[in-house]
Amino acid sequence: MRLVIRQDYDAVSYHVAKYVKERIKEFAPTANNPFVLGLPTGSSPVGVYRNLVKFHQNGELSFKHIVTFNMDEYVGLPRDHPESYHSFMWKHLFKHVDILPENVHILDGNAKDLDLECHRFEEKIDAVGGIELFLGGIGPDGHIAFNEPGSSLNSRTRVKTLAYETIVANARFFDNDITKVPNLALTVGVGTVMDAREVCVIITGAHKALALAKCIEEGVNHMWTVSAIQLHPRGMVVCDEDATLELHVKTVNYFKSIEKVHEQLIGSDNVGLQGGVRSWRGVEATYHQ
Ligand SMILES: O=P(O)(O)OC[C@H]1O[C@](O)(CO)[C@@H](O)[C@@H]1O
């Protein structure tokens, strides 16, 4: 896997957005062969979405042939509640770009039969041929999507009880009142995320430093579900300097140096892209996998 370290949140956001844009352009999606993108919510991806909107406004990126699947949604929060993930996605990304509403998939946390809703979500992902690139965010306890500590690393989309730590962390979106935070959510499973052909996780801030260290320096462990990315053939974590606080200096230096060598070989604009794989297969394989 790759660890890309950038100075701060803004630099992380720009890097990830540019990467997503280049991957989409390289894929050259069409109506019959859309680019299927998995998306997170929370504060981690807001800057990425801001940059993607800018790319769209500059005419550099179209969402016409992009199909999206969101990671998760609260249970029982009305769809138009300002803190529903449905509202979040339209506010920060979808309403600013040319995505077709029928190509947007967000779990319905008010479905009559929640298990069926989850099952159908998985079926819809299968029906479009799987997810090409899954962007993710994590909680301070290392959960990816809402796969709280102890979740099966093979889990699929399902109903989850949120951990107390997650409820406390998300209270900032609910007037800092933990009683207003839903305690159930629908979430894709760790297995659902890891089935994507590529996974990119955004980790920023000192409060996520322990989770990053567990993810990078320790073994695959269901108590830090993001660590499953170690088993992914094409996994990438993009973090800021603050998030590296718990990493060994040698780990940070290692990933920085390997990125530098790679950039010298294929240029910073191509880092990680399929074109890079084609031109420098041996180098890219060593670097990425
Ligand atoms: O980016 P933030 O605000 O720390 O929130 C992260 C949360 O968002 C999610 O990505 C949900 O989509 C979870 O993984 C996590 O609970």
Side-chain angles (χ1 to χ4, degrees), residues 8-10 12-13 16-17 37-50 68-75 77 81-94 104-109 118 121 131 133-151 153 155 157-174 176 178 181-194 196 199-212 214-215 222-229 235 237-240 242-243:
D8 53 23
Y9 178 86
D10 287 346
V12 167
S13 301
V16 174
L37 188 58
L39 294 173
T41 55
S43 47
S44 305
V46 169
V48 176
Y49 296 158
R50 203 180 300 130
T68 64
F69 287 89
N70 260 83
M71 287 193 137
D72 39 25
E73 177 59 286
Y74 290 116
V75 169
L77 209 58
H81 186 287
E83 294 306 332
S84 78
Y85 287 168
H86 182 275
S87 300
F88 176 100
M89 288 307 302
W90 283 93
K91 177 178 166 194
H92 291 284
L93 181 62
F94 298 147
V104 170
H105 301 91
I106 303 177
L107 284 152
D108 178 1
C118 294
F121 200 71
I131 292 174
L133 170 62
F134 218 134
L135 280 189
I138 67 161
D141 60 2
H143 69 243
I144 183 154
F146 274 132
N147 294 287
E148 299 286 21
S151 296
L153 299 183
S155 49
T157 305
R158 68 212 183 290
V159 186
K160 277 297 283 183
T161 309
L162 300 187
Y164 180 68
E165 194 173 354
T166 303
I167 293 173
V168 171
N170 288 1
R172 68 191 192 279
F173 301 117
F174 293 86
N176 285 316
I178 59 167
V181 185
N183 45 28
L184 286 180
L186 303 185
T187 179
V188 294
V190 183
T192 319
V193 177
M194 296 304 152
V199 177
C200 171
V201 178
I202 304 158
I203 304 183
T204 58
H207 62 304
K208 294 186 181 171
L210 183 61
L212 180 65
K214 294 284 180 185
C215 171
H222 66 164
M223 294 309 283
W224 302 87
T225 54
V226 66
S227 65
I229 197 172
V237 172
V238 186
C239 72
D240 64 359
D242 282 353

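Counting starts at 1 for both ligands and their atoms, in listed order. No experiment lies behind these values; they were computed from the predicted model shown. Basis for what follows: all heavy atoms, side chains included, without hydrogens, waters or symmetry-related copies.
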Report summary line: For F146, the ligand 1 atoms with a heavy-atom partner under 4.0 Å come out as 16 (O)
Report task. Measure the shortest side-chain to side-chain distance between L135 and P45 over non-hydrogen atoms and say whether it is less than 4.5 angstrom. Result -> no
Requested in this report: Would you please classify the geometry between the F94 ring and the W90 ring as parallel, tilted or perpendicular, with 30° and 60° separating the classes?
Outcome: perpendicular
Query raised in the report: Hey, does P140 have a side-chain heavy atom less than 4.5 Å from the side chain of E165?
Result: yes
Report summary line: the protein heavy atom lying closest to atom 1 (O) of ligand 1 turns out to be S44 OG, 2.5 Å
**Report entry** Nearest neighbour in protein (non-hydrogen) for atom 11 (C) of ligand 1
**Finding:** D72 OD2, 2.9 Å
Query raised in the report: Is it the side chain (CB and beyond), the backbone, both or neither of T41 that lies under 4.0 Å from ligand 1, heavy atoms counted?
Result: both
Requested in this report: Evaluate the ring planes of F88 and Y85, with Trp represented by its six-membered ring, and classify them as parallel (under 30°), tilted (30 to 60°) or perpendicular (over 60°).
Outcome: perpendicular
**Report entry** For atom 13 (C) of ligand 1, the option (of A145, S43, P40) bearing the nearest heavy atom
**Finding:** A145
Requested in this report: Step through it carefully: locate the ring centre of Y74, locate the ring centre of F173, and say whether they are under 6.0 Å apart.
Outcome: no
Report task. Just jot down the ligand 1 atoms closer than 4.0 angstrom to any heavy atom of K208, in number order. Result -> 1 (O), 2 (P), 4 (O)
**Report entry** Minimum side-chain heavy-atom gap T41-M71 below 4.5 Å
**Finding:** no
Query raised in the report: Heavy-atom distance under 4.5 Å between the side chains of P40 and Y49, does that happen here?
Result: yes
**Report entry** Heavy-atom proximity to atom 7 (C) of ligand 1, best of V46, I138, L135
**Finding:** I138
**Report entry** R172: numbered ligand 1 atoms lying under 4.0 Å from its heavy atoms
**Finding:** 2 (P), 3 (O), 4 (O)
**Report entry** Donor-acceptor pair, side chain of S87 and main chain of H81, under 3.5 angstrom
**Finding:** yes
Requested in this report: List every atom of ligand 1 that sits less than 4.0 Å from any heavy atom of G42, numbering the atoms from 1 in the order shown and giving each element.
Outcome: 1 (O), 3 (O), 5 (O)
Report summary line: Heavy-atom proximity to atom 14 (O) of ligand 1, picking from G137, A185, A169, points to G137
Report task. Starting from atom 16 (O) of ligand 1, locate the nearest protein heavy atom and write down its residue, its atom name and how far away it is, to 0.1 Å. Result -> H143 NE2, 2.6 Å
